[in-house]
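Here the structure comes first, spelled out in structure tokens, and everything after it is commentary.
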Amino acid sequence: MQLPSELQTLSDLNYQRLTEKHPVILSWSASLTEQLKYVLGLSDFLYEALMRDAQLCEIFPSMIASQSRADDYRQQLQKQLVTEPDEATGEHILRTVRNREMFYIAWRDFLADWPLEESLHHLSELAEALIFETYQWQYALCCKLWGTPVNQAGETQPMLIIGMGKLGGGELNFSSDIDLIFAYPDNGETQGVRKSIANAQFFTRLGQRIIKSLDQQTADGFCYRVDMRLRPFGDSGPLVMSFAALEDYYQEQGRDWERYAMVKARVMGREMYACYQELRQMLRPFVFRRYIDFSAIQSLRRMKSMIQSEVRRRGLVNNIKLGAGGIREIEFIVQSFQLIRGGREPSLRKRGLLETLHAIQTLGLLGEHDVTSLQQAYLFLRRVENLLQALADKQTQTLPDDSCSQQQLVTALGMDCWETLLQEIQVHMARVHQIFRDLIGDEDDSEEAPVESVYQELWDMAQKPEVVADILQQDLALAPESKVADVLLQFKTELAKKTLGPRGRDVLNHLMPKVFQGVFRHPDAQFGFPRVLHLLQRIATRTTYLELLDEHPAALMQLTRLCTASPMISEQLARYPILLDELLDPHQLYHPIPLDQYRVELRDFLARIPQDDMEQQMEGLRQFKQICLLRIAAADIAEVLPVMKVSDHLTYLAEAIVEVVVHQAWEQLKEKYGEPTHLNQRVGKGFAVIGYGKVGGWELGYNSDLDLVFLHDCPANINTNGNKEIDGRQFYLRLAQRIIHIFSVRTASGILYDVDMRLRPSGASGLLVAPVSAFAEYQHQEAWTWEHQALVRARMIYGDELLADAFMQTRHQILSRVRDASVLKQEVIEMREKMRQHLAEKKPGRFMLKQDRGGITDIEFLAQYLVLCYSSQYPDLTRWSDNVRIFESLLSVGMMSQEQVQDLIEAYTAMRDQIHHRNLLNLDADVSQDKFLAEREVVIQAWQQWLG
């Protein structure tokens, strides 16, 4: 046992310091002292452990005399924990035992005086003893605090701790995390205390205490880093689950990597074997398929690809675990046989890698030469890994780059030099990787044309923040401050909580790289990305929609384009996924229904729904509106429709819907009450819907409500002719109520329109529907000037010809009334100021497009003033209800110059266009103060000219 000179110097220094602090070491035997001096040159961990623990220096000679200590671990801990010590004392006991036994294992590893299998066995047994005895100690403490958990039959309930990964396989490495899953048999409550709690709550508290006891860093260090992420739903799932809940999860949502992990699952504590068999039998069909399952190959390829990505992104060179041909590939090879054939071959259901390799050879699944190569590589690489970690008790699989550590590793392995060691490692890893490629291949070996690998990598690594950040910045050139990484991590976290099922997860894994490719090719990807992911989050459990996007590239392209352009559209699609069907035909998507066809298309759309199914009829109306809105918005985004045409389409759509709603409401009332008898000798319903404001002026926006007034011409003392007879005017009141209900009731597809009835005679206190004669009387005798202003932008959007004539006559008479210009001017100005004070939300540095000086409302008031002031001289001014044609009428009668009219129309349409686009972006109707300066000046000058 000769050390190289540089390590000998280190050893001498360490030995001197050690014996100065703990002279008892001088009493060790000559052979033991020689061994000590050897290992002190190789391991900082061994030196520091002795420096820290005086008692270890005294007892170690008797410890090392024992050839195997694993069988006594639990008994040793039980003796010390049987008194149920407090938290601090218990944690000190656990860490002291852990540190001393790890010292023993490392000592024998560095001296190479036992086989690797014996080292792995001791490491695994020590971990199991520490875990299970911690459980026993904490279980007793928890029962004193909260009672003993029992099931419905009164049987005491244990908590099972299932060791995963290398712990489960009995092959734990020197400085490994421990992967655990907690479970308990049955629900119930605790008993034996005054206030019982549910078993789930008891075991959650117990689990938290066990984790703290093992994981928390104290003055004595820690026992193990505890990783609970392999449990159902990962970090977002409950800490402990019942057997039934576990079975449901794995049957409905279990993923391939969870099958892979569950192969090695083993319960901690021999006492728990019988109870665990029940759970193991429940989970066996999930882990081991009855048929030969070749689908596992693709899953293993993907997992390997993810590991390679992480290695590359994190710059992990010389990594003997994750690199090509490393320990992980050996594990993949073995477990691929377990996953593919384990359902048929019981010998492949073993947890240990070496024993499973033996079964693979016995079954003739791999040739003797390949099996030997894998065995030799595994034993060699695991020994390197153990020694590498025992140098300083650090979790690493990366070969050191400092000369001292390299020399320590070379010496411990009995090699000539670092280059020889590297060559030996490379030979083993090259053989392993060749076998891996022959059996499993790489992700790139798939026959399907791959999506650009960076997008696949981004999806696969979505739970690794540092890798995601690297991809976004280095490969996709996104700014570091972009929120894209946070959005993606949140998406993946939320997805883990959903019940997707294997099919849904497969589709998502196939779809998401395509989604990324579509989004990140767009210049505004940082805006589109969260919108698309929000939508996918909403439809994630509806596999049919995911398949639609996966199988139709054109639909996916339209989705990313529209969501990137408009949060309004992305929210609509997320809320009502049925709209995704509209993305399949881009030609239809970007070409809305012709204006004169809305009524026909709506009737055809509703014809598929039984007429007597009012609930579905109302749902159909909403779906039709959403489909049309989507097409109009798509055409708007694509700049196929100018602003005037956008409003025309939105207005014609609303009119078609109003007609159908009136008809539906009428038919419902008619079935119950019959019709008012004054309709016997005429065609129509004796009913009209007057549209005010935006709908009256053909100027609807995406988010506009409908300002409506209802009129009828039913005389007094008229009844209906149905089995249940009511007063005719009462019939029209109920008709109005029913119409408002159909518009405003919230179904699965939301509401149809917000309806505002405040412009009816006498406002909110007036009748919901008025006789046309009473409407005329009110307008002539009681209406305020602002109500006459509103009448400028009013027209009948549904109704009988008789009512249309009566309304138009009243409107014309009111608008063309002779008025005192100065009084009118004063009233209009006062109303405008009042509106500005009540409605303006002034934001510093922002121009409010509607309410600020020079904005849209000034243009509307100007048009209304001029109509009210001059229609007595120019009756043609009452013809139109929209601002653009009102200004054109003012030009035609010579009141305004062509230049002024053109400037006002351009200012008006430009601001409205801006509001439309801000609607699409879900933004308020305001812009920077330096925008629309020329347009505002035009409006202000016109206001000064006409209203001073």
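Just so you know, these numbers use all the heavy atoms, side chains as well, and skip hydrogens, waters and symmetry mates.
- In this structure, E639 places its CD atom where only 12 or fewer heavy-atom neighbours from other residues, nucleotides or ligands lie under 6.0 Å away.
- In summary, R729 and D727 do not engage in a salt bridge, as defined by a charged side-chain N under 4.0 Å from a carboxylate O.
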>> Working note: Y598 + Y652, criterion ring pair (Phe, Tyr, Trp, His ring centres under 6.0 Å); need CA distance, chi angles, decisive distance, verdict.
In response: CA-CA 7 Å; Y598 276 103; Y652 276 80; 7.2 Å; no

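- T747 and E619 form a side-chain donor-acceptor contact under 3.5 Å, judged by distance and modelled atom types alone.
- The shortest non-hydrogen separation linking C869 to A821 is SG-CB, 3.9 Å.
- Taking a cutoff of 4.0 Å between a charged side-chain nitrogen and a carboxylate oxygen, D800 and R682 qualify as a salt bridge.
- Side-chain contact, R734 with Q668: no donor N or O sits under 3.5 Å from an acceptor N or O.
- Between the CD atom of E601 and the CG atom of L606 there is a distance of 11.5 Å, given to the nearest 0.5 Å.
- A salt bridge links R836 and E833; the closest N-O separation between the charged side-chain nitrogens and carboxylate oxygens is under 4.0 Å.
- The two residues V939 and A907 have their closest heavy-atom pair at CG2-CB, 4.3 Å.
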>> Checking D926 against K931 for the salt bridge (charged side-chain N to carboxylate O under 4.0 Å, His left out) test, could you report, in this order, the C-alpha distance in whole Å, the side-chain angles of both residues, the deciding distance, and whether it holds?
In response: CA-CA 10 Å; D926 60 85; K931 303 291 185 188; over 6 Å; no

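- Of the options R793, R795, K694, a salt bridge (Lys or Arg N to Asp or Glu O under 4.0 Å) to E699 is made by R793 and by none of the others.
- Checked for salt-bridge contact, R603 and E659 meet the test: a charged N lies under 4.0 Å from a carboxylate O.
- A donor-acceptor contact closer than 3.5 angstrom links the side chains of E675 and W666.
- With no hydrogens or angles considered, no side-chain donor-acceptor pair links Y753 and D705 at under 3.5 Å.
- Note on ring orientation: taking the six-membered ring where Trp is involved, the planes of W946 and Y870 are perpendicular (angle over 60°, cut-offs 30° and 60°).
- The nearest pair of heavy atoms linking A794 to R811 is O-NE, 3.1 Å.
- Using modelled atom types and a 3.5 Å distance limit, the side chains of Q664 and Q617 yield a donor-acceptor pair.
- Because its NZ or CZ atom is not both nearer than 6.0 Å to the ring centre of F731 and within 45° of the ring axis, K670 does not count as a cation-pi partner of that residue.
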>> Between Y673 and N721, is the side-chain hydrogen bond (donor to acceptor under 3.5 Å, both in side chains) condition met? List the steps.
In response: CA-CA 7 Å; Y673 305 114; N721 58 12; over 6 Å; no

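- Residues Q813 and R817 are not in side-chain contact: their nearest non-hydrogen atoms beyond the backbone lie 4.5 Å or more apart.
- G701 and L650 get closest at one heavy-atom pair: C-CD1, 3.5 Å.
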> Can Q902 and Q898 be said to form a side-chain hydrogen bond (donor to acceptor under 3.5 Å, both in side chains), step by step?
Replying inline: CA-CA 6 Å; Q902 187 172 336; Q898 181 159 354; 4.5 Å; no

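- Between Y798 and F687, the shortest heavy-atom contact is CE2-O, 4.1 Å.
- A donor and an acceptor atom, one from each side chain of Y778 and E787, are located under 3.5 Å apart.
- Counting heavy atoms from C-beta on, the side chains of Q572 and L630 never come closer than 4.5 Å.
- One distance of note links NE2 of H591 with CG of L641; it measures 9.0 Å at 0.5 Å rounding.
- When only modelled atom types and interatomic distance are considered, Y590 and Q558 share a side-chain donor-acceptor pair under 3.5 Å.
- Around CG of D820, the count of heavy atoms belonging to other residues, nucleotides or ligands within 6.0 Å exceeds 12.
- Nearest heavy atoms, V893 versus L877: CG2-CD2, 4.2 Å.
- A side-chain N or O of Q900 and one of Q945 form a donor-acceptor pair less than 3.5 Å apart.
- For H812 and R879, the side-chain atoms include no donor-acceptor pair closer than 3.5 Å.
- Judged purely by distance below 3.5 Å, without hydrogens or angles, the side chains of H917 and S566 never pair a donor atom with an acceptor atom.
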Exercise answer: donor-acceptor pairs, residues 884-891 side-chain atoms, under 3.5 Å, sequence neighbours excluded:
{"from": "R885", "atom 1": "NE", "to": "D882", "atom 2": "OD1", "distance (Å)": "2.8"}
{"from": "R885", "atom 1": "NE", "to": "D882", "atom 2": "OD2", "distance (Å)": "3.4"}
{"from": "R885", "atom 1": "NH2", "to": "D882", "atom 2": "OD1", "distance (Å)": "3.2"}
{"from": "S889", "atom 1": "OG", "to": "R885", "atom 2": "O", "distance (Å)": "2.8"}

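- Remark: the S928 side chain and the R846 side chain contain no N/O donor-acceptor pair separated by less than 3.5 Å.
- Atom CD of E615 sits in a sparse spot, with 12 or fewer heavy atoms from other residues, nucleotides or ligands closer than 6.0 Å.
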